[in-house]
Q: 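I have a structure I would like to understand better, so I am pasting it below and will then ask my questions one at a time.
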Amino acid sequence: MPKADLVLEGGGVKGIGLVGAVLGLMREGYVFPRVAGTSAGAIVAAFLAAGVDRDGLSGVMERLDYRRVPDRASPGIPALSEGMSLLWAAGAYEGDYIHDFLERELAALGIRTFADLRRTDDEADGNLTPYQRYKLVVMATDLSHGRLLRLPWDYPLLELDPDEQRVADAVRASISIPLYFEPVEIRDGSGKEITLVDGGVLSNFPIEAFDRTDGARPRWPTLGVKVIPQLPAGDPQLFPVSALSALPPLHLLERVIATAIVGNDQTYVERPCVRRRAIQVDASAVGIVEFDASESKRAEVLASGERAADAFLGEWDWDAYKRDCRPSAGRDQ
């Protein structure tokens, strides 16, 4: 079976394209020792790290009720509830449905805390710390300290034991699109409250997450899956037109956040050796927060992901990539 570490971009509902691409890779026999993801990519990554097979991944995503993801707080009245939640909780929707879904589905797979995703590998990068030996990494943005958190790797920065932290909580933090979902509040080891939002604000496509740093050639590739095109063709309109986005200050803030999420990694992604290992999925059939997209639209994006994986594998040459993009690395391990 071919192996690849996998990095999945954030993209809201466009993340259906991630699922399609992963299914395409799995159909060709690929297995994924480690998986990293941001936002929607964190959701898919969590299930892959938990060990789902091709049928299992399809089943999980079929059980996700997309229309319930934007869960209004009381009183549940459109526009009014969103407005009140924005004022009181800094997010239009609670995010409880997706958190509960993740916790329930992961528990059924035997995964609750990051201790359940520990990974032992004697031939791994010699520079990895004990806090970096996990099957899963998800990205979140720490607003309290103005930094990217790679969870569970960076829990020690918060004086928290990675093994004790719940996987569903980390993924919920990673999907916290600013203004759309309520931020996640946690307490660090000293009791200080920390505010976490979508990792895409600082790194929506962390393709370098698993690159070796010890000078040895990688034993297998890191492949990435992207669902958002580069700017200006990207999706700068994060939210659909609504009574809320009609307010000029809020509309401008939405665009600033969307541009950060879409464009932050663009310079890095334009590098030839990054493009060569990235599967680009055309997910234009759905918007980032189009959770009410029809079943036919979702099926179109899923199929687009599978086609993108097929096209990528038809041209992918691991040996050529190592020769061209890792020429200074030492011996293969």
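The figures here come from the full heavy-atom set of this structure, side chains too, leaving out hydrogens, waters and symmetry mates.
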Q: Measure across Leu18 and Gly41 and return the closest heavy-atom pair with its distance rounded to 0.1 Å.
A: CD1-CA, 3.6 Å

Q: Determine yes or no for a side-chain-to-main-chain donor-acceptor pair under 3.5 angstrom, with Arg72 supplying the side chain and Gly76 the backbone.
A: no

Q: Among Leu8, Leu148, Val138, Val7, find the one that has a side-chain contact (heavy atoms from CB on, under 4.5 Å) with Pro206.
A: Val7

Q: Which heavy atom in Leu160 sits nearest to a heavy atom in Arg187, and how many Å separate them?
A: CD2-O, 3.8 Å

Q: Could you check whether any side-chain N or O of Glu105 sits under 3.5 Å from a backbone N or O of Leu102, counting only pairs where one atom can act as donor and the other as acceptor?
A: no

Q: Is any NZ, NE, NH1 or NH2 atom of the basic residue among Arg212 and Asp125 found under 4.0 Å from an Asp or Glu carboxylate oxygen of the other?
A: no

Q: Would you list the pairs meeting salt bridge (charged side-chain N to carboxylate O under 4.0 Å, His left out) in which at least one residue belongs to residues 160-186, sequence neighbours left out?
A: Glu103-Arg166, Arg118-Asp163

Q: Provide the closest heavy-atom pair for Arg54 versus Met26 in the form atom of the first, atom of the second, distance.
A: N-CE, 3.5 Å

Q: Exactly one of Leu106, Val137, Leu136, Val35 should register a side-chain contact (heavy atoms from CB on, under 4.5 Å) with Leu117. Which one does?
A: Leu136

Q: Got a sec, which residues hit side-chain hydrogen bond (donor to acceptor under 3.5 Å, both in side chains) with Asp317, two or more places apart in sequence or on another chain?
A: none

Q: For Tyr93 together with Tyr180, are the ring centres under 6.0 Å from each other?
A: yes

Q: Leu25 and Leu57: same hydrophobic cluster, using ILVMFWY side-chain contacts below 4.5 Å?
A: yes

Q: Would you confirm whether Glu62, through its side chain, and Gly59, through its main-chain N or O, come within 3.5 Å as a donor-acceptor pair?
A: no

Q: List the steps, then state whether ring pair (Phe, Tyr, Trp, His ring centres under 6.0 Å) holds for Trp316 with Tyr321.
A: CA-CA 8 Å; Trp316 172 246; Tyr321 175 85; 5.6 Å; yes

Q: Within the side chain of Arg298, is there an N or O that forms a donor-acceptor pair under 3.5 Å with the backbone of Ala293?
A: yes

Q: Is there a donor-acceptor pair under 3.5 Å between the side chain of Asp214 and the backbone N or O of Asn127?
A: no

Q: Do any pairs count as a side-chain hydrogen bond (donor to acceptor under 3.5 Å, both in side chains) and have a residue in residues 18-37, sequence neighbours left out, and if so which ones?
A: Asp5-Arg34, Arg27-Glu306, Arg27-Asp310

Q: Just checking, any donor-acceptor pair under 3.5 angstrom between side chains of Ser39 and Asp198?
A: yes

Q: Is it true that a side-chain atom of Asp71 and a backbone atom of Glu94 form a donor plus acceptor pair closer than 3.5 Å?
A: yes

Q: Any side-chain to backbone donor/acceptor pair from Lys297 onto Val286? Under 3.5 Å, distance only.
A: no

Q: State yes or no: do Val60 and Phe291 share one hydrophobic cluster built from I, L, V, M, F, W and Y residues joined by side-chain heavy-atom distances below 4.5 Å, directly or via other members?
A: yes

Q: If the condition is side-chain hydrogen bond (donor to acceptor under 3.5 Å, both in side chains), which residues does Lys3 pass it with, not counting sequence neighbours?
A: none

Q: Quick one: CZ on Phe205 to OG1 on Thr38, what's the gap to the nearest 0.5 Å?
A: 9.5 Å

Q: Does Val167 reach the side chain of Arg112, with side-chain heavy atoms less than 4.5 Å apart?
A: no

Q: Closest approach of Gly17 and Val301, non-hydrogen atoms and distance?
A: N-CG1, 3.3 Å

Q: Of all residues at least two apart in sequence or in a different chain, which pass the side-chain hydrogen bond (donor to acceptor under 3.5 Å, both in side chains) check with Ser190?
A: Asp188

Q: Any chance the side chains of Asp96 and His99 put a donor and an acceptor closer than 3.5 Å?
A: no

Q: Under the side-chain contact (heavy atoms from CB on, under 4.5 Å) test, which residues partner Ala90, sequence neighbours left out?
A: Pro183

Q: Is the backbone N or O of His145 less than 3.5 Å from a side-chain atom of Asp142, with the two atoms forming a donor-acceptor pair by type?
A: yes

Q: Just wondering, are more than 12 heavy atoms of other shown residues or ligands nearer than 6.0 Å to CD in Glu193?
A: yes

